[in-house]
Amino acid sequence: MPFITGNGSEEGELYHAQIHLYKHVYNFVSSMALKSMMELGIADIIHNHGKPITLSELASALKLHPSKIGVLHRFLRLLTHNGFFAKTKLQLQNGKEEIAYVLTPPSKLLIKSKPTCLAPIVKGALHSSSLDMWHSSKTWFTEDKGHTLYETATGVSFWDYLNGEPDSLVMFQEAMAADSHMFKLALKECKHVFENLGSLVDVGGGTGVVTKLINEAFPHLKCTVFDLPNVVANCSGNKNLSFVGGDMFNSIPSADAVLLKWVLHDWDDELSLKILKNCKEAISGKGKEGKVIIIDIAIDEESDDRELTELKLDYDLVMLTMFNGKEREKKEWEKLIYEAGFSSYKITPICGFKSLIEVYP
Ligand SMILES: C[S@@+](CC[C@H](N)C(=O)[O-])C[C@H]1O[C@@H](n2cnc3c(N)ncnc32)[C@H](O)[C@@H]1O
């Protein structure tokens, strides 16, 4: 059981069950408190302060009305409990002590001046356009249409919504770019995958954050970012980095290798199969030497701990409800890869919760 049962008495079990249930009912409070912290820029303030910050110093930096100092304290208390701040004691000149707050590794990921800043993920994932649809889930379950939850709630697909709302498209691309910056660390783990390649096409490569990192590490590798025409319209590259607009369901530019990062989880098996078959076609000029490099989640409940599995399963529902996509278990990856006509593959965990899946013709 995921929760500890009581002392065996009926009441004890009931109380524990209630705590478990309420905890999950109010999980959104932790998410929204985190969003408030990101919007207020608290991580930046503490980072720029350069030393532990007291409540009154933080309130003053935030220019809060005095009536909000107690509010700030209670937000900080929850966020500290949730691991986003740590408390330390400052010795004052009058001999007294005062509590001060410092950043922890998760809140350091919200410092906007750092390349590893994940604030755009918090902004995008907790934006009303991602959350409001959940109120329509009962209708979605009971209707007999092949819509995503997002379509049922809003009447348009998420992709159409993005394409019709330039600000939202920018927010989405910024969230993707933020996540991709983490790839710089992962590149050290998977350098071997890109060595000895002459050309690479990054399919669904967005604004090219990942491809630029690969291009920096392998300046002689000819890289192409391939995405929808409106996504790459204003992107510029260099001698060995170009942007091409198109539709991966029609055809993909030829290369020695294709990269699909954070792409296949947007699509169901039928459409993913189509993309993979087009990837196979794109690398066919390289014979058995070609490869497809997938970076996505692989659900592995047996090996992963509870927190990691929960994150992967949360992502699965996000993909399902917004795109009719899915996060796949290892055996589902195998089925998809073999059905697309590839002969072998290798899965290696990277980037903390994603996997590198090397696929060979
Ligand atoms: C989840 S994002 C991943 C972006 C990037 N690979 C990354 O990891 O940051 C999926 C990308 O697929 C692109 N995409 C969606 N439909 C496409 C299509 N039919 N052809 C090419 N790209 C497409 C989207 O524009 C988006 O940039």
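Remember, it's 1-based here, ligands and their atoms both numbered in the order they're listed.
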Would Ile214 and Asp202 count as a side chain to side chain contact (heavy atoms under 4.5 Å, CB included) if you check the C-alpha gap in whole Å, the side-chain angles of each, and the deciding distance to 0.1 Å? CA-CA 10 Å; Ile214 296 170; Asp202 181 4; 5.8 Å; no
Take His16 and His20, measure what side chain to side chain contact (heavy atoms under 4.5 Å, CB included) needs, and give me the verdict at the end. CA-CA 6 Å; His16 274 94; His20 186 77; over 6 Å; no
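- Residue, atom and distance of the protein heavy atom nearest to atom 8 (O) of ligand 1 are Lys261 NZ, 2.7 Å.
- The single protein non-hydrogen atom nearest to atom 19 (N) of ligand 1 is Asp247 OD1, 2.8 Å, given as residue, atom name and distance.
- Under the 4.0 Å criterion applied to side-chain N and carboxylate O atoms, Lys312 and Asp300 are not assigned as salt-bridge partners.
- Atoms of ligand 1 found under 4.0 Å from any heavy atom of Gly246 (numbered from 1 in listed order, with element): 20 (N), 21 (C).
- Neither the backbone nor the side chain of Asp179 comes within 4.0 Å of ligand 1, counting heavy atoms alone.
- The ligand atoms of ligand 1 that sit less than 4.0 angstrom from a heavy atom of Phe249 are 19 (N).
- Side chains of Glu334 and Tyr338: a donor-acceptor N/O pair is absent below 3.5 angstrom, by distance only.
- Here Val231 has side-chain heavy atoms under 4.0 Å from ligand 1, and that is the only part of it that gets that close.
- Of the protein's heavy atoms, Trp262 O, 3.0 Å lies nearest to atom 1 (C) of ligand 1.
- For the residue pair Asn215 and Asn240, no side-chain donor N or O sits within less than 3.5 Å of a side-chain acceptor on the partner.
- Residue-to-ligand polar distances place Met248 within reach of ligand 1: an N/O pair is separated by less than 3.5 Å.
- Taking a cutoff of 4.0 Å between a charged side-chain nitrogen and a carboxylate oxygen, Glu151 and Lys145 do not qualify as a salt bridge.
- Of the protein's non-hydrogen atoms, the one nearest atom 5 (C) of ligand 1 is Gly204 O, 3.2 Å.
- Of the protein's non-hydrogen atoms, Ser180 OG, 2.7 Å is the one closest to atom 9 (O) of ligand 1.
- Listed by number with element, the atoms of ligand 1 under 4.0 Å from a non-hydrogen atom of Met176 are 1 (C), 2 (S), 3 (C), 9 (O).
- Here the two rings, on Phe183 and Trp262, have centers that are 6.0 Å apart or farther.
- Annotation: atom 10 (C) of ligand 1 to nearest protein heavy atom, Asp266 OD2, 3.4 Å.
- Ring pair Trp159/Phe172 is perpendicular by interplanar angle, where above 60° counts as perpendicular and below 30° as parallel.
- For ligand 1, the atoms lying closer than 4.0 Å to a non-hydrogen atom of Gly206 are 27 (O).
- Among the atoms of Trp267, none of the N or O lies under 3.5 angstrom from an N or O of ligand 1.
- When only modelled atom types and interatomic distance are considered, Thr154 and Tyr161 share no side-chain donor-acceptor pair under 3.5 Å.
- Here the heavy atom of the protein found nearest to atom 15 (C) of ligand 1 is Leu228 CD1, 3.9 Å.
- Shortest contact from atom 24 (C) of ligand 1 to any protein heavy atom: Asp227 OD1, 3.5 Å.
- With salt bridges taken as basic N to acidic carboxylate O contacts below 4.0 Å, none links Glu195 and Lys191.
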